[in-house]
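In this text the structure is predicted, and so the values were computed from the model without any measurement.
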Amino acid sequence: MKRMNKVLAVILSLAMMITIAPANNGTSKAAEEAASGYAKIHDPSIVIGYYEGETYSDKSVVYGTQNADNSRKKIYFIFGSHKSFAYSLDLKEWKTFTNNINTSAATLFAEDAKWASMGAKSAGYWNIHGNLWAPDVIWNPDYDNGDGTKGAWMMYMSIAGINRNSVITLLTSKSLNGDWTRKSAIVYSGFDKGDYDYTKTDYKAVTGDADLNARYMVKDGAKPSIAAGTTFKESRSNREYCAHAIDPCVLYDNGKLWMSYGSWDGGIYLIELDKTTGLRDTTHKYQYKVNESDPYMGIKIAGGGFAYCGGEASYIKKIGSKYYLFISYEGLEAAKGYNMRVWTSDSLAGPYKDISGDDARFVGDGVDAESGTYSMISRYGFGTIGTRLMSYYKWNHMDYGFVAQGHNSVLSDTDGKNYVVYHTRFTNKGEYFEDRIHQLFVAKNGGIVAAPFEYDGETLATKAYDAAKVAGSYQILSMVNVKAADKECVTEKTITLNLDGTVTGEYTGTWSQASDGPYATLKIKSASSTQSKDEATYQGVFVEQTKEGTKDKVMCLTIVGNNDLSVWGYKTQDADPLPVKTADPAQTNKPATVKGPVKGKTYTVGKLKYKATSKTKVTVTGVKSKKLTSATIGATVKIKGKSVKVTAIGSNAFAKCKKLKKVTIGKNVTKIGKKAFYKCSALKTVTVKGKKVKSVGKNAFKGIAKKAKLKTPASKKKAYKKLFKIK
């Protein structure tokens, strides 16, 4: 939790040093970690840029858009707290860099420091360098540069004060690697009618009020809710109501620019920005509505009530048609329980709800609506509101566990993949931290799931796997509550997905895979309990990954339940085959079945049908699958235990298979019948592996894709040109 006290100030100062080298480790260990390639950026915000030329250097201009001929190269940047920045070409190897924020922070943020440093004289330990927190960066194509051109990088930086007297301010740059120019403050917090005078902020300009409304102030006689042991005059700002002006997330939605912000205290809010200036749009007025909106702070989307409950580090990303709100819970230190939660909404402004239906602004029925707190009841207990993305965890093959994962951003890459980027601490390294990147997927229940292992180039399959590919024994991690103070981690359990659709092991129930892709559904409960409350329906995906810390490729499972808990797993062995049915005793005296095909009969193998022309030869016959997208007509096929040659493709064999895109014809095929691929309008590629095709029937390829390609052995290219002239 971001509390401005002396202990945390020391921790944050240490964090700046930690980004350079881990504390309390030997030289060899430090060298090992420095060479790991991981970014070491606290509160990472990731963004994509583009540069020109063969190689990137610190002198390269990093643009916000690709150029017309698509020749610029993509590069990833992470911006974080304590003036820490890094870049990567592949999301794996990261290098740090500096800009004028590193060298000239005191000058650059002098205007903001007037507000944020108000407690410095009496407290004696505030400085600008340890209080630049959690910037968010976005390319704004609509920004008016004032010289007739448009487009600029915009950085929204949090300048944190000791007494919640913080401010978020805007900087701009033509290049993502800087330098940056400060423009103006966006929103303030911690103001009152005393030492922290509200007239020094934009309160009047935004609200139009002639005086500070009483709800922004602590009531007479009440104590401000601030950390014990303070040595400075406290602000009378009502922290149980007011948002803390840090942790911005800026995004476009339907042509408008928005910023969410806030940390603990009164909750997390959303305000509209002017896309031509990047500053607050003061023409957008917000009504006072309990737990929903405020004239100064904007639209309330989460949290409130101050008592360790508001959450922090909001990040909103639209994936598909849904908006996903990520928030981090609890304390950021290794033993304080940091963890990421997710809610979803059909609208940017909410309401945001988790899978079980809890609103991000409320605990539930019977709770004081005005406080609007969603985790006051937990206080470092992980809570029950919000879908938990991951818990403290440790895989058996690893020497240490991952703890205090949080303050994430989300990247939607140009190839359609989505990633969560966050910092994590470890069970054996004190407060040393590194960044991790996991791919994200959307489950059928609308929830977000993270891949079990860090990203290593994997891609989600576009169609369902064969049951035998995904069935088998899995080592799983169920992301349940842990004793964070002890750095306790969830550890592996074993389940088996059997071919008959049952789940056995330490969880029991049923499983299935959707027909339209690798989407998993598990209805399971703990085998050690008979209580119905332990039952849940989980949904997610099967995805092949590199097992972290190894080079092994394994089938993985990541799912989330209607109980808001996530489960990760990876496959360790295949499932036992289904038992073979025994013969009917009445049939035991009958002659054994003849092996191999019988002339004239039709057999189905996979999705294709074959008609036997002899015991050793077959012809592909009528295939009527509306979902067939590709077909391999092999050189041989196994029928009733015998391998036979595929020598022909019959007339009308694939006629009107309108989703068929790719066909591979084996080396033994000599004949392609009339209308074999008639009106296969999606067919783009026909690959002929052999040299034996002697005849092609009339209209065999009529009506296939106009830009279809034929691939044949080099020596036969001319001979096969006739195939596509028949259309």
Side-chain angles (χ1 to χ4, degrees), residues 1-2 11 15 18-19 22 33 36 38-46 78 80-81 84 91 94 134 247 263 311-315 317 324-343 375 378 380-383 386-395 398-411 418-441 447-455 477-491 548-549 558 560 564-568:
M1 181 178 64
K2 289 173 179 167
I11 290 172
I18 289 169
T19 60
E33 289 167 342
S36 69
Y38 290 116
K40 300 166 183 65
I41 310 295
H42 217 262
D43 311 330
S45 175
I46 191 166
I78 286 178
S81 295
S84 56
L91 293 177
W94 293 88
D247 294 352
S263 172
E312 64 179 11
S314 65
Y315 203 90
K317 177 65 67 172
Y324 291 90
L325 169 64
F326 295 77
I327 297 176
S328 293
Y329 264 30
E330 316 302 350
L332 60 82
E333 296 97 324
K336 289 293 179 66
Y338 220 30
N339 68 109
M340 295 170 281
R341 302 292 176 110
V342 190
W343 292 261
S375 63
S378 68
Y380 297 146
F382 276 77
T387 302
R388 190 185 307 158
L389 201 60
M390 62 186 75
S391 183
Y392 285 31
Y393 72 91
K394 180 183 179 298
W395 294 105
M398 292 181 169
D399 295 330
Y400 50 82
F402 292 77
V403 302
Q405 310 96 326
H407 203 123
N408 69 282
S409 57
V410 176
L411 171 69
N418 295 287
Y419 307 91
V420 60
V421 184
Y422 61 94
H423 67 249
T424 183
R425 287 171 166 78
F426 308 92
T427 52
N428 64 340
K429 299 180 183 180
E431 296 306 320
Y432 172 81
F433 59 85
E434 293 176 345
D435 296 347
R436 287 295 187 272
I437 299 175
H438 289 236
Q439 193 170 175
L440 292 175
F441 309 100
I448 282 283
V449 292
F453 300 121
E454 63 179 295
Y455 179 67
L477 298 176
S478 180
M479 302 301 180
V480 297
N481 290 338
V482 296
K483 295 178 182 177
D486 299 331
K487 298 184 186 177
E488 179 189 22
C489 293
V490 296
T491 53
E548 201 167 327
T558 176
V560 63
D564 292 309
L565 292 180
S566 300
V567 175
W568 291 353

Are the side chain of [X] and the backbone N or O of [Y] linked by a donor-acceptor pair below 3.5 Å?
{"X": "Ser391", "Y": "Met479", "value": "no"}
{"X": "Glu312", "Y": "Ser263", "value": "no"}
{"X": "Trp568", "Y": "Ala450", "value": "yes"}
{"X": "Lys40", "Y": "Tyr38", "value": "yes"}

Would you check if [X] and [Y] make a side-chain contact, meaning some heavy-atom pair closer than 4.5 Å?
{"X": "Val567", "Y": "Leu477", "value": "no"}
{"X": "Val410", "Y": "Tyr324", "value": "no"}
{"X": "Trp94", "Y": "Ile437", "value": "yes"}
{"X": "Val420", "Y": "Met340", "value": "yes"}

From [X] atom [atom1] to [Y] atom [atom2], the distance as rounded to the nearest 0.5 Å:
{"X": "Leu389", "Y": "Leu440", "atom1": "CG", "atom2": "CG", "result": "6.5 Å"}
{"X": "Glu488", "Y": "Asn481", "atom1": "CD", "atom2": "CG", "result": "9.5 Å"}
{"X": "Trp343", "Y": "Phe326", "atom1": "CH2", "atom2": "CZ", "result": "11.0 Å"}

For [X] and [Y], work out which heavy atoms get closest and say how close.
{"X": "Asp247", "Y": "Ala134", "value": "OD1-CB, 3.4 Å"}
{"X": "Asn339", "Y": "Met390", "value": "CB-O, 4.0 Å"}
{"X": "Arg388", "Y": "Ser566", "value": "O-OG, 2.8 Å"}
{"X": "Thr424", "Y": "Arg436", "value": "CG2-CG, 3.8 Å"}
{"X": "Val490", "Y": "Val482", "value": "CG1-CG1, 3.7 Å"}
{"X": "Val560", "Y": "Asp564", "value": "CG2-C, 4.5 Å"}

Handout entry: Phe426: ring pair (Phe, Tyr, Trp, His ring centres under 6.0 Å) partners, not counting sequence neighbours
Key =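 Applying ring pair (Phe, Tyr, Trp, His ring centres under 6.0 Å) to Phe426 gives Tyr400, Phe402.
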Practice task
Using the test ring pair (Phe, Tyr, Trp, His ring centres under 6.0 Å), find all partners of Tyr422 that sit at least two apart in sequence or belong to another chain.
Solution key: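 For Tyr422, the residues satisfying ring pair (Phe, Tyr, Trp, His ring centres under 6.0 Å) (neighbours in sequence not counted) are His438.
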side-chain contact (heavy atoms from CB on, under 4.5 Å) with [X]: which residues, sequence neighbours excluded?
{"X": "Ala404", "value": "Tyr338, Tyr392, Arg425"}
{"X": "Lys394", "value": "Cys489"}
{"X": "Asp435", "value": "Ala39, Ile41, Pro44, Ile78, His423"}
{"X": "Leu411", "value": "Ile46, Ile48, Tyr76, Leu91, Asp413, Tyr419"}

Practice task
Answer yes or no: are there more than 12 heavy-atom neighbours, outside Asp486 itself, under 6.0 Å from its atom CG?
Solution key: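 Yes, enclosed.
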